[in-house]
Amino acid sequence: MAAARAHWGSRLGFILAAAGSAVGLGNVWGFPYITARNGGGLFVIIYLACVAAVGLPIMMAEIFIGRTAQNSPVGAVRSLSRPRSPWMGLGWLSVVAAFLILSFYGVVAGWSMYYVWLSITEGFAGMTPEEIGAAFGAAHANEGLNALWHIIFMSLTISIVIAGIKQGIELWSRILMPTLFGLLLVLLVYGMTTSGFGEGFSYVFGFHTDKFRATSTLDALGQAFFSLSLGMGALITYGSYLRPDEDIVSTSIIVSAVDTMVALLAALVIFPILFTAGLGEEDSVGLAFISIPIAFSQMPGGAALAPIFFTLLTFAALTSAISLLEVATAYFIDERGWTRTKATMVTGGGIMILGIPSALSGGAGLFGTRLKEATEWWGGGQTWFDIMFNISYNWMLPLGGLGIATFVAWRVGDAAREQGFKTGTKLGKLYWGWVQLLRFIVPIAVILVLLNAIGVFNAGGDGG
Ligand code: TRP
């Protein structure tokens, strides 16, 4: 067989890598606008409950599977059940989901990188809000530009994953994550000194229940899944590089807490800046790429802050992208015996190609406007990008999370599960509660999300 399995150099290295996977575009770009769209306060509380009662138990289950089996998802599920078990479908789902998610994620990450470049070379100062909005519209529709930055971003991701666990993923997580925290802190301090801080704060944490909808709870749960990187084996894979006696419980708590803190702080950075510039009511996807540049164009020091913001966004995306690529790569290394170099090049290259249609989705062509028109019957039309996003976000992650919870709660033997949970931790008392959450709360919550995805809860139709 191949060489001995690679392991993280230290517990902190694992925590930074797992937090790097979790903290991503979902936190800095997604969470603030989703929170705004759902009316703040109450949504935030429900989000926290979803993280604690559904996300955290699944995170522990994923890391448990990986650490116990010392194998990536396909092999891990096999060794905890039996060869050719139907549960292995969970492992296959992971590999497919890694391809799909990273293919569109790489496109948005590419925009972030492009905006780092743009904010340094041209800056936004001196541009009117209309010009900034038009600039994003033009960039979004520029097929070649999108493809180019997607390819640049994917090349960077490949170059990290190819260097391996310790020398690649862990090393870069140790560099990028502390830098990200530092940049966030700079922006937070700045945000707190702006005149819009109070208004921004109350926009995020105040109870604007008029915006709270029946489906807000399900938005919160879906967002928790995505933000914590759950449901497709990313944390099974990262867990498989932990030594078998490492504490799962406290590391999961730390990773979830860091992820949640970054999401809340990102919202607290973004809204004060927007309110100060008189743009507070923004609650859509244009928030990061339009409203933020507009705000910075009007603020003292904005020329320096815009590159900081987009660098933060890029670093967040990069450490998430490497975890997605590692899932696909680890499969070919562990199951097919490929070298890391070959596995990374082939999977990374494949994802690069699969991402091209997503990169072209802002344009008028086959994967953009034309596909959207052809799929009018489905949720008002979807581009290739939208389809990739919806299949993975609405279907694969919830199904994967449900599968992982069910597998650990009902299929893995009681003794192995209990011993695995309690190994290396002082928090063994939480075992009983963890199993109950996996057995009952997680399935109920996920089934509600899936019913929501097929439209059961918005029969009346809603605009969002
Ligand atoms: N959690 C990341 C974010 O918030 C995205 C991500 C990375 C992810 N790995 C994942 C999402 C695995 C789902 C599954 O942007």
Side-chain angles (χ1 to χ4, degrees), residues 16-35 47 50-51 54-55 58-59 61-63 66 72-73 90 93-112 153-154 157 160-161 169 173 176-177 180 184 220-239 252 255-256 258-267 285 288 312-331 351 388-404 446 449:
L16 288 173
S21 171
V23 172
L25 297 169
N27 304 58
V28 185
W29 176 55
F31 183 80
Y33 88 78
I34 292 173
T35 299
Y47 179 79
C50 290
V51 169
V54 182
I58 297 178
M59 183 180 290
E62 286 205 24
I63 300 177
S72 51
L90 275 177
L93 183 78
S94 300
V95 179
V96 176
F99 274 85
L100 294 196
I101 297 176
L102 188 49
S103 75
F104 72 80
Y105 200 83
V107 173
V108 181
W111 299 345
S112 314
F153 178 81
M154 282 306 302
T157 309
I160 293 177
V161 172
I169 299 178
S173 301
L176 297 173
M177 291 309 287
L180 183 151
L184 188 62
L221 192 62
Q223 172 64 18
F225 261 85
F226 189 81
S227 187
L228 295 170
S229 296
L230 301 176
M232 51 75 65
L235 294 171
I236 296 180
T237 309
Y238 273 16
S252 300
V255 172
S256 308
V258 168
D259 184 67
T260 307
M261 283 297 291
V262 172
L264 294 173
L265 291 179
V285 292
L312 187 157
L313 200 59
T314 302
F315 284 6
L318 186 56
T319 49
S320 297
I322 59 182
S323 77
L324 289 161
L325 182 55
E326 178 62 20
V327 173
T329 300
Y331 166 77
I351 292 168
M388 293 294 113
F389 178 86
N390 286 329
I391 291 178
S392 51
Y393 188 96
N394 290 332
W395 294 100
M396 290 184 154
L397 298 183
L399 273 173
L402 177 63
I404 287 160
V446 172
V449 166

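Only heavy atoms go into these numbers, but all of them, side chains included; no hydrogens, no water, no symmetry mates. Counting starts at 1 for both ligands and their atoms, in listed order.
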Under 4.0 Å from any heavy atom of G24, which atoms of ligand 1 are there?
3 (C), 4 (O), 15 (O)
Please name the pair of heavy atoms, one in P73 and one in T237, separated by the smallest distance, quoted to 0.1 Å.
CD-OG1, 3.2 Å
If you compare all heavy atoms of L313 against all heavy atoms of A288, which two are closest, and at what distance to 0.1 Å?
CD2-CB, 4.4 Å
Please report whether ligand 1 has a polar contact with F226, defined as an N or O pair separated by less than 3.5 Å (distance criterion only).
yes
Atom 2 (C) of ligand 1: the protein heavy-atom neighbour that sits closest, reported with distance to 0.1 Å
S21 O, 3.3 Å
Checking contacts here: is it the side chain or the backbone of F225 that comes within 4.0 Å of ligand 1, counting heavy atoms only? Could be both or neither.
neither
For ligand 1, is there an N or O atom under 3.5 Å from any N or O atom of I101?
no
Any heavy atom of D259 under 4.0 Å from ligand 1? The part involved is neither
Looking only at distances, can you tell me whether any N or O atom of L324, backbone or side chain, sits closer than 3.5 Å to an N or O atom of ligand 1?
no
Can you list the ligand 1 atoms lying under 4.0 Å from a non-hydrogen atom of A22?
1 (N), 2 (C), 3 (C), 4 (O)
So the atoms of ligand 1 within less than 4.0 Å of a heavy atom of G26 turn out to be 3 (C), 4 (O), 15 (O)
Testing the basics here: between T260 and Y47, what is the closest heavy-atom pair and its distance to 0.1 Å?
CG2-CE2, 4.3 Å
Would you indicate which of E326, M232, E62 comes nearest to atom 14 (C) of ligand 1 when only heavy atoms are counted?
M232
A330 and S72: which non-hydrogen atoms are nearest, and at how many Å?
O-OG, 3.6 Å
S320 heavy atoms within 4.0 Å reach ligand 1 at atoms 2 (C), 7 (C)
Taking the six-membered ring for Trp, are F225 and Y393 ring centroids under 6.0 Å apart?
no
Against ligand 1, does S323 come closer than 4.0 Å with any heavy atom?
yes
Under 4.0 Å from one or more heavy atoms of S227, ligand 1 contributes atoms 1 (N), 4 (O)
Considering the heavy atoms of Y105, write down every atom of ligand 1 situated less than 4.0 Å from one of them.
2 (C), 3 (C), 5 (C), 15 (O)
among protein heavy atoms, the one nearest atom 6 (C) of ligand 1 is S229 OG, 3.5 Å
For the residue pair F389 and F104, categorise the inter-ring angle as parallel (less than 30°), tilted (30 to 60°) or perpendicular (more than 60°).
perpendicular
Report yes or no: does W29 have a heavy atom closer than 4.0 Å to ligand 1?
no
Return yes if a side-chain donor-acceptor contact under 3.5 Å exists between S21 and S323, otherwise no.
yes
